[in-house]
Number of protein chains: 4
Amino acid sequence: MLFKNIIDSVALLKRTQCGYIKSFKMAKSTFEYVKTFEQDDTLLPNTWIVVRLDGKCFHKFSEDHNFKKPNDIRALKLMNYAAFKVLHEFNDVLMAFGQSDEYSFILRKTCFLYKRRAAKLLTTLNSKFSSTYVFYWNKFFDQEPLKYPPTFDGRIVLYPSDENIIDYLKWRQADVHINNLYNTSFWTLVLQGGLTPAQAEKRLCGTVSADKNEILYKEFNINYNNEPNIFKRGTVLMRKSLLNESSKKLMSIIVDVHDDMLKDTFWKENSNLLLPKSKQSINHEGPITDIINEQINKGNNTIADIVNVNK
Amino acid sequence: MLFKNIIDSVALLKRTQCGYIKSFKMAKSTFEYVKTFEQDDTLLPNTWIVVRLDGKCFHKFSEDHNFKKPNDIRALKLMNYAAFKVLHEFNDVLMAFGQSDEYSFILRKTCFLYKRRAAKLLTTLNSKFSSTYVFYWNKFFDQEPLKYPPTFDGRIVLYPSDENIIDYLKWRQADVHINNLYNTSFWTLVLQGGLTPAQAEKRLCGTVSADKNEILYKEFNINYNNEPNIFKRGTVLMRKSLLNESSKKLMSIIVDVHDDMLKDTFWKENSNLLLPKSKQSINHEGPITDIINEQINKGNNTIADIVNVNK
Amino acid sequence: MLFKNIIDSVALLKRTQCGYIKSFKMAKSTFEYVKTFEQDDTLLPNTWIVVRLDGKCFHKFSEDHNFKKPNDIRALKLMNYAAFKVLHEFNDVLMAFGQSDEYSFILRKTCFLYKRRAAKLLTTLNSKFSSTYVFYWNKFFDQEPLKYPPTFDGRIVLYPSDENIIDYLKWRQADVHINNLYNTSFWTLVLQGGLTPAQAEKRLCGTVSADKNEILYKEFNINYNNEPNIFKRGTVLMRKSLLNESSKKLMSIIVDVHDDMLKDTFWKENSNLLLPKSKQSINHEGPITDIINEQINKGNNTIADIVNVNK
Amino acid sequence: MLFKNIIDSVALLKRTQCGYIKSFKMAKSTFEYVKTFEQDDTLLPNTWIVVRLDGKCFHKFSEDHNFKKPNDIRALKLMNYAAFKVLHEFNDVLMAFGQSDEYSFILRKTCFLYKRRAAKLLTTLNSKFSSTYVFYWNKFFDQEPLKYPPTFDGRIVLYPSDENIIDYLKWRQADVHINNLYNTSFWTLVLQGGLTPAQAEKRLCGTVSADKNEILYKEFNINYNNEPNIFKRGTVLMRKSLLNESSKKLMSIIVDVHDDMLKDTFWKENSNLLLPKSKQSINHEGPITDIINEQINKGNNTIADIVNVNK
């Protein structure tokens with residue numbers, strides 16, 4: 001008999017085990033009352049679920065692993081890749097938004113995964129992201145060995161209306177804008193301008209957006225608008241469709257884009273994104289990124305398959 | 001100027017940033033109301049906190065990585081090592097108990113880590129454990145590459161009294177006993193006895209502890225009592241003290257033992273384990289395991305240091 | 001000095017008390033840590049809040065006070081009046097629906113009363129309703145003395161969308177329909193038809209709506225459609241406006257109607273009922289009930305006043 | 001057939017109703033999904049449950065009903081009587097402590113009433129207390145008609161250990177001491193000393209316990225120690241036993257005492273009060289109050305009866 005077959009059969013039998021050690025079973029049942037202390041944490045139905053993960057002590061972690069300042073493209077790509085793997089595994093995750101060492105996963109209002117149990121949803125996504133981050137470290141940091149395993153904490157927040165969830169995403173993206181212009185200015189003053197951090201901070205104190213743009217442009221010939229969108233806007237992961245040129249089939253893929261969610265045009269172009277029974281038939285028209293390419297090459301599911309999966 | 005110094009200075013400045021992009025700051029404040037949707041999840045004070053992690057789909061994971069049946073010592077050691085690293089980092093974790101693909105961490109009643117916020121505690125331990133598991137995979141599975149990152153889910157349960165937390169630990173350990181005698185019998189019948197899984201299951205159906213012991217002994221000459229304790233009882237991680245032979249100093253160490261928590265003697269010998277202000281001065285008198293040895297070699301903290309840390 | 005003035009002054013001083021008993025103050029501060037065990041129960045923002053109250057053991061209570069079967073108009077009017085008083089005191093209660101011994105109060109999504117603390121909202125409405133029920137008992141039961149104080153329990157349920165809250169109200173009203181046709185048939189068979197309860201129940205078993213209507217009509221000449229709406233549909237309390245004939249001013253009043261919320265026309269006619277900043281300018285066009293009349297006679301607030309109050 | 005019998009039979013049939021209106025039943029089932037929005041609020045097992053009720057706007061209520069200052073014995077007795085009725089109805093309430101317009105009910109750690117559902121426990125006690133307060137108003141305020149129904153809000157707090165619940169009771173009683181010495185001094189200065197409230201407040205500002213005692217004694221010949229204990233300490237309701245002189249049987253009664261819970265002697269004398277399976281056999285040795293007398297005259301349950309009830 002093949003070992004594999006044995007294993008498969010065992011999987012089938014698992015639920016019907018009937019033989020138990022009597023004495024320990026009695027012991028177990030004596031203590032089993034402790035199970036009643038577990039409390040129900042079912043999330044309110046018909047609300048958007050946000051699972052936001054955040055790097056713990058990533059200031060130190062980024063130093064220990066020589067992250068480039070103000071932005072390290074390898075680190076951002078690893079974050080995006082780990083998040084992509086989460087979306088790939090969990091169909092209930094509609095989209096995600098990432099920046100720096102944080103990532104927000106948006107689960108549909110109708111999501112009923114794990115019966116909407118908060119801890120289960122939270123820890124599953126958190127654990128998957130954390131282990132994936134370590135697993136794929138070398139894919140992005142080939143010259144920089146991982147010195148120790150990082151930690152991400154997480155929280156769940158519920159949003160009742162579509163307006164609320166859109167505002168949530170805008171809030172996180174506005175945060176990128178603010179931080180990145182400041183960080184870009186600060187590190188340019190330090191690394192190129194030769195200022196000490198204290199001097200750089202003093203220089204920027206009280207400045208508004210226009211001031212910082214001017215410092216970058218006049219003193220360092222840097223046009224902030226030309227900075228990469230991934231730095232200025234973070235990354236949006238969404239489910240879209242794409243015509244596979246070779247198979248001529250429409251594929252359902254997860255795309256990584258750096259769109260501006262603060263603009264109304266984003267929400268118009270993706271108007272059916274938040275709809276309850278969306279078929280996600282929005283066509284992807286942006287560049288073919290590494291993440292997208294990987295899906296094409298793997299001969300990813302076609303739309304027809306996906307529809308079956310979603311049933 | 002050294003790059004390292006710049007980083008250090010930045011760390012100091014972090015909290016006093018004052019320059020922001022005006023327009024995006026306004027945008028951010030418009031959306032910041034979404035922060036009020038975050039709900040307080042502070043755990044009831046003066047209760048024991050259990051964080052229990054559980055491998056997700058580990059039946060499949062163990063097949064995909066050729067875990068030995070019914071127990072794979074490499075897998076158990078990796079679980080123990082990841083849990084050890086959690087205890088090593090979080091002083092508030094008093095002890096832990098692990099078996100198969102699950103681990104329970106016990107946090108003191110007086111624990112005030114992260115202000116006792118449930119999601120923060122839960123995800124931090126869960127993430128640390130998950131990323132550590134992947135990080136140290138090769139240390140235990142040198143011949144077996146990790147094919148994909150595993151996922152652990154987690155939950156928090158509160159126990160008000162010492163009796164409750166002791167019963168919780170007994171409950172989990174009784175579970176090991178029951179499962180392991182069954183699994184040992186089952187897999188012996190299959191692997192050595194040549195039965196199909198279905199036949200083995202049928203054979204064991206309705207049997208009590210004595211029956212299974214007899215099958216193992218009479219038919220396969222296996223004395224179940226001689227099975228390794230790590231299989232029969234799981235692993236307890238505790239904080240104890242140890243006399244470092246070379247430095248002649250008392251060290252505070254985390255020990256991995258396979259004691260029988262179902263017996264009263266365990267709780268007598270470790271009577272001050274659950275006391276609120278325990279100095280953990282219980283001497284370790286068992287074998288020097290790999291985990292203990294690693295701490296000795298690293299010239300781990302002496303008791304005096306630990307006392308300072310605990311302040 | 002007038003006693004009333006003293007009281008008023010005291011009220012002002014209340015917050016600035018500075019003299020305390022030292023020793024007891026010390027004692028108090030020693031024990032005050034127990035306050036940290038109070039847990040936050042703030043309700044998720046932007047959700048409809050339903051507070052549903054339910055008579056405890058009202059089967060017995062109704063017997064003990066000789067309620068008429070299947071419906072006692074005095075009891076229903078007392079329920080409505082107590083609910084009216086709740087709406088009158090709490091502006092955040094948008095509307096209410098009552099039937100039998102239960103009442104549901106609907107608080108706006110934007111309600112921020114008591115900072116949306118669940119226990120505070122729940123108990124305040126519950127207590128107000130309970131004490132009001134006793135206080136006004138004699139107004140409706142002049143021949144039937146109250147033998148003992150009744151008890152109402154309560155719960156809070158949140159509904160994220162307008163569709164959900166409408167469905168909630170439809171659910172409760174469909175419940176009235178079902179119960180009342182059954183109860184009317186049952187009690188007619190018993191009180192007029194001379195059947196025992198067991199016989200009546202058996203007779204109705206398996207019957208559908210049409211069957212019961214036929215029994216009532218053919219055997220007892222009762223056209224169920226002519227039964228009072230308050231029995232068939234329960235009571236809806238809403239805020240509307242009414243032209244005060246004598247003062248020629250538009251008044252804001254609470255109306256008690258027995259509209260059919262299961263019909264779309266209800267939601268069309270009251271289309272702005274659920275709008276966030278509704279001025280409640282829907283004109284009342286139904287009969288002038290006792291509850292409405294009381295408000296007219298009291299020279300209730302005019303719309304202008306109300307607008308000021310709402311600020 | 002007797003009407004009473006019909007009612008009784010109906011009670012029996014209630015659970016087995018089978019006849020329903022088909023169309024409305026379908027409507028109901030369409031909307032019934034809203035029931036899934038109800039969230040579980042089961043309280044953590046093995047913890048002391050405190051239900052604390054508090055008069056809403058009782059400053060105004062006490063003025064409107066001419067409560068005597070600083071203490072109105074009628075109002076305190078009504079509070080105590082309403083609380084007594086709560087203990088009388090709910091065996092799970094071990095004891096209660098009241099002062100001013102607040103009352104705390106202590107439910108046993110083992111209490112499983114309403115499956116420990118928080119809202120159910122909270123509202124039932126709150127409603128019962130509120131309706132009872134109105135129902136018995138005239139028993140204590142015969143010359144002062146109740147002008148409007150009062151409102152009490154409530155909250156639930158959990159305490160894991162016996163030490164915590166004792167400290168809770170001490171905290172509330174220390175509060176009485178502090179408030180009452182201040183209030184007694186304040187109102188004596190105003191009512192007897194002719195000071196305005198502002199003057200009285202200024203006079204007391206910064207004074208310690210001894211100062212206030214001296215003011216009362218030297219200026220008004222009032223020995224604060226001779227003030228009634230009900231004012232100085234509030235009221236404790238407990239379950240004790242009493243020998244019924246006429247029937248020579250031991251009765252289980254609820255006693256209202258004004259003991260000093262801040263003293264260790266109280267907890268020694270009532271050492272078995274908090275024990276899990278206490279038979280409450282502590283003999284009452286204090287005065288026979290109105291509340292006790294009422295129970296004696298009603299031929300209250302004997303201990304034997306009570307034991308049966310508790311089963």
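Letters A, B, ... mirror the listed sequences (proteins, then strands); counts begin at 1.
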Would you say the side chains of [X] and [Y] form a donor-acceptor pair under 3.5 Å?
{"X": "Ser130(A)", "Y": "Ser131(B)", "answer": "no"}
{"X": "Tyr103(B)", "Y": "Arg172(B)", "answer": "no"}
{"X": "Asn164(B)", "Y": "Ser161(B)", "answer": "yes"}
{"X": "Thr196(A)", "Y": "Gln199(A)", "answer": "yes"}
{"X": "Asp167(A)", "Y": "Tyr159(A)", "answer": "no"}

Exercise for the section: Measure Phe152(B) against the heavy atoms of chain A and call it side chain, backbone, both or neither at under 4.5 Å. Expected result: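 For Phe152(B), backbone and side chain are both near chain A.
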
Which portion of [X] sits near chain B, non-hydrogen atoms under 4.5 angstrom:
{"X": "Arg117(A)", "answer": "side chain"}
{"X": "Tyr114(A)", "answer": "side chain"}
{"X": "Leu158(A)", "answer": "backbone"}
{"X": "Glu89(A)", "answer": "side chain"}
{"X": "Gln39(A)", "answer": "neither"}
{"X": "Tyr168(A)", "answer": "both"}
{"X": "Lys202(A)", "answer": "neither"}
{"X": "Lys56(A)", "answer": "side chain"}

Can you tell which of [options] has the highest number of heavy-atom pairs within less than 4.5 Å of chain B?
{"options": "Ile156(A), Asp54(A), Thr151(A), Val157(A)", "answer": "Thr151(A)"}
{"options": "Asp153(A), Asp175(A), Asn213(A), Ile165(A)", "answer": "Asp153(A)"}
{"options": "Gln173(A), Arg155(A), Arg203(A), Lys128(A)", "answer": "Arg155(A)"}
{"options": "Ser185(A), Ser62(A), Ala118(A), Gly154(A)", "answer": "Gly154(A)"}

Handout entry: Geometric cation-pi criterion, Lys139(A) with Tyr81(A): 6.0 Å, 45°
Key =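 Satisfied, under 6.0 Å and within 45°.
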
Practice task
Heavy atoms only, distances under 4.5 angstrom: which of Leu169(B), Leu121(B), Thr132(B) has the most pairs with chain A? Name it, please.
Solution key: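 Result: the option with the highest number of such pairs is Thr132(B).
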
Exercise for the section: Find the one option among Lys147(B), Lys60(B), Lys85(B) whose heavy-atom pairs under 4.5 Å with chain A are most numerous. Expected result: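 Greatest number of close heavy-atom pairs with chain A: Lys147(B).
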
Exercise for the section: Would you please classify the geometry between the Trp137(B) ring and the Tyr133(B) ring as parallel, tilted or perpendicular, with 30° and 60° separating the classes? Expected result: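 Ring orientation of Tyr133(B) relative to Trp137(B): tilted.
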
Exercise for the section: Mind telling me whether Tyr182(A) and Phe186(A) have parallel, tilted or perpendicular rings, with 30° and 60° as the class edges? Expected result: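 Parallel.
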
Problem - Atom pair CG/CH2 of Leu262(B) and Trp267(B) - distance to nearest 0.5 Å - result: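 Answer for the CG-CH2 pair, Leu262(B) versus Trp267(B), is 10.0 Å.
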
Exercise for the section: Verify the ring-centre separation between Tyr224(B) and His177(B): is it less than 6.0 angstrom? Expected result: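 No, they do not, as the ring centres are separated by 6.0 Å or more.
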
